[in-house]
Amino acid sequence: MSCVNLSSWGQTCSMLNRSRSPSLHLLHSLNTRPVSFASPKGRRPSSVTATLTKQETVKEQRKEEESGKPSFNFKTYMVEKAESVNRALDAAVSLKDPITIHEAMRYSLLAGGKRVRPVLCVAACELVGGSESLAMPAACAVEMIHTMSLIHDDLPCMDNDDLRRGKPTNHKVFGEDVAVLAGDALLSFAFEHLAVSTVGVEPSRIVRAVEELARSIGSEGLVAGQVVDIHSEGLSDVGLEHLEYIHLHKTAALLECAVVLGSILGGGSDSEIEKLRTFARYIGLLFQVVDDILDVTKSSQELGKTAGKDLVADKVTYPKLMGIEKSKEFAEKLNRDAQEQLVGFDPEKAAPLIALANYIAYRQN
């Protein structure tokens, strides 16, 4: 997999290059500018939390009407897209026999969450000229696999966590055996749903999307990151290069896949798909850097999951290697470089992805 060059710390990246994936390069020294949390062009960063209410969106709309300056409303967009995703997930995984396994699947799949990955999939599809309906089966498939990864991550043999999205983890409610099977069922159904429910798209693009999804989560994708992460616990010689490998695979791979699937199914050209792949890889790593920061700066109540668990498990994180301030500075650079990949696209259609990048950068949980 290609890598981000952390040249300002004198790191030389020698990790595996992932086929058809462009290299990422952070060319500017992070020491040349002060840490600033102002978003591009002086706009204040989005501060959308995991619970965006309809009342909030109405207030935002009224403010825009009063100011006479209508603009892209990120809160409205996220609420509407998340509701569409939730309806699609509810319909896709219905409650049927065997009841127990479908209850367990739905328990975690419909437990809430920000739906960042499926919304990224839809936004990328719309950016290249597609529609929400074309991307929705793929968006749901990505969320099913993400949910599978959370169920399995929380198991005692993995991260051993009791809390997820403010609720008891799947194995605490249904037992470890059913939790494993619920994750397995979501994984297999994700591919079925993508292949069977995607309509109005050339078969060759559906096949390409299935291949992309499989590769992103397999032994050279999400699983690779998870394995290296597990084997890195307690090690004293883990550096930034090693940490980057973990998170480009464990976290960024599925975010990248969501964006790439949307652009493939939306009819994007190869050059558009690769630009969006690079954008997604930046925000995927950004997501993890911010996650590491929040893990040591927020409470369990604020996060909706156990805070400080990486410290307890003696895991290597960005704050541990770089410190809080350098980690924040690195996050800012990743956000800037991600948004540079969207130059040349229709600004109106790119607005959701820009706002999502800012949201990932400035989220509080």
Side-chain angles (χ1 to χ4, degrees), residues 1-4 17-25 27 40 72 77 81 84-85 116-142 145 190-191 193-195 197-218 220-221 248 252-287 334-358 360:
M1 193 173 203
S2 62
C3 50
V4 176
N17 287 318
R18 189 175 179 181
S19 62
R20 298 198 301 276
S21 301
S23 296
L24 304 182
H25 298 284
L27 299 176
F72 175 71
Y77 182 87
K81 294 301 185 187
S84 293
V85 169
V116 170
R117 291 160 189 81
V119 174
L120 279 168
C121 183
V122 172
C125 183
E126 293 176 333
L127 176 61
V128 298
S131 64
E132 180 183 295
S133 61
L134 293 180
M136 190 55 74
C140 288
V142 168
I145 289 173
F191 287 94
H193 190 63
L194 171 59
S197 299
T198 303
V199 295
V201 178
E202 295 174 10
S204 61
R205 285 188 176 264
I206 297 176
V207 171
R208 184 177 176 183
V210 169
E211 186 271 341
E212 183 75 34
L213 182 59
R215 183 161 52 85
S216 73
I217 64 174
E220 295 182 2
L248 279 175
L254 195 54
L255 281 160
E256 175 186 326
C257 180
V259 171
V260 172
L261 290 187
S263 58
I264 290 172
L265 299 173
S269 66
D270 286 345
S271 61
E272 288 175 328
I273 291 169
E274 290 312 311
K275 282 189 75 174
L276 289 171
R277 182 190 297 279
T278 304
F279 163 81
R281 189 161 303 171
Y282 276 123
I283 65 168
L285 191 55
L286 170 64
F287 192 97
L334 288 169
N335 187 17
R336 287 195 301 272
D337 289 348
Q339 294 190 35
E340 285 179 7
Q341 301 301 313
L342 301 178
V343 173
F345 287 101
D346 182 325
E348 270 190 48
K349 290 183 177 180
L353 288 177
I354 291 171
L356 276 161
N358 284 332
I360 289 171

| said: Using the rule given for side chain to side chain contact (heavy atoms under 4.5 Å, CB included), can you reason through Arg277 versus Val259, listing the C-alpha separation, both sets of side-chain angles and the distance that settles it, and then say yes or no? | reply: CA-CA 7 Å; Arg277 182 190 297 279; Val259 171; over 6 Å; no
| task | Provide the closest heavy-atom pair for Leu353 versus Ala123 in the form atom of the first, atom of the second, distance. | result | CD2-CB, 3.8 Å
| Say you draw a straight line from CD of Glu212 to CD1 of Ile217; how long is it, rounded to the nearest 0.5 Å? | 11.5 Å
| For Ser133, all residues meeting side chain to side chain contact (heavy atoms under 4.5 Å, CB included), sequence neighbours excluded | Ser131
| Thr198 to Pro137 - nearest heavy-atom pair and separation | OG1-CB, 3.5 Å
| request: Evaluate the side-chain proximity of Ile264 to Val201: yes if any heavy-atom separation is below 4.5 Å, no if none is. | output: no
| remark: Between Asp270 and the options Lys275, Arg208, Arg205, the salt bridge (Lys or Arg N to Asp or Glu O under 4.0 Å) test singles out Arg208
| query | What's the shortest heavy-atom distance between Ala357 and Leu286, and which atoms? | reply | O-CD2, 3.8 Å
| Excluding sequence neighbours, so at least two apart, what forms side chain to side chain contact (heavy atoms under 4.5 Å, CB included) with Ala338? | Phe279, Tyr282, Ile283
| said: Holding to side chain to side chain contact (heavy atoms under 4.5 Å, CB included), I want the full list of residues that pass it with Ala141, two or more places apart in sequence or in another chain. | reply: Ala190, Leu194, Leu213
| query | What are the two closest non-hydrogen atoms of Leu261 and Cys121, and how far apart are they? | reply | CB-SG, 4.3 Å
| query | Could you give the distance from CG (Leu285) to CD1 (Ile360), rounded to the nearest 0.5 Å? | reply | 11.5 Å
| remark: With sequence neighbours left out, the residues meeting side chain to side chain contact (heavy atoms under 4.5 Å, CB included) with Ser269 are Ser271, Glu272
| field | Euclidean distance, Gln339 CD relative to Leu356 CG, rounded to 0.5 Å | value | 10.5 Å
| request: May I have all residue pairs that pass salt bridge (charged side-chain N to carboxylate O under 4.0 Å, His left out) and include part of residues 117-142, sequence neighbours excluded? | output: Lys81-Glu126, Lys81-Glu132
| field | Distance-minimising heavy-atom pair for Phe72 and Pro352 | value | CZ-CA, 3.6 Å
| message | Run the side chain to side chain contact (heavy atoms under 4.5 Å, CB included) test on Phe345 and Leu276 for me, step by step, so that the C-alpha distance in whole Å, both residues' side-chain angles and the decisive distance to 0.1 Å come before the verdict. | response | CA-CA 10 Å; Phe345 287 101; Leu276 289 171; 4.1 Å; yes
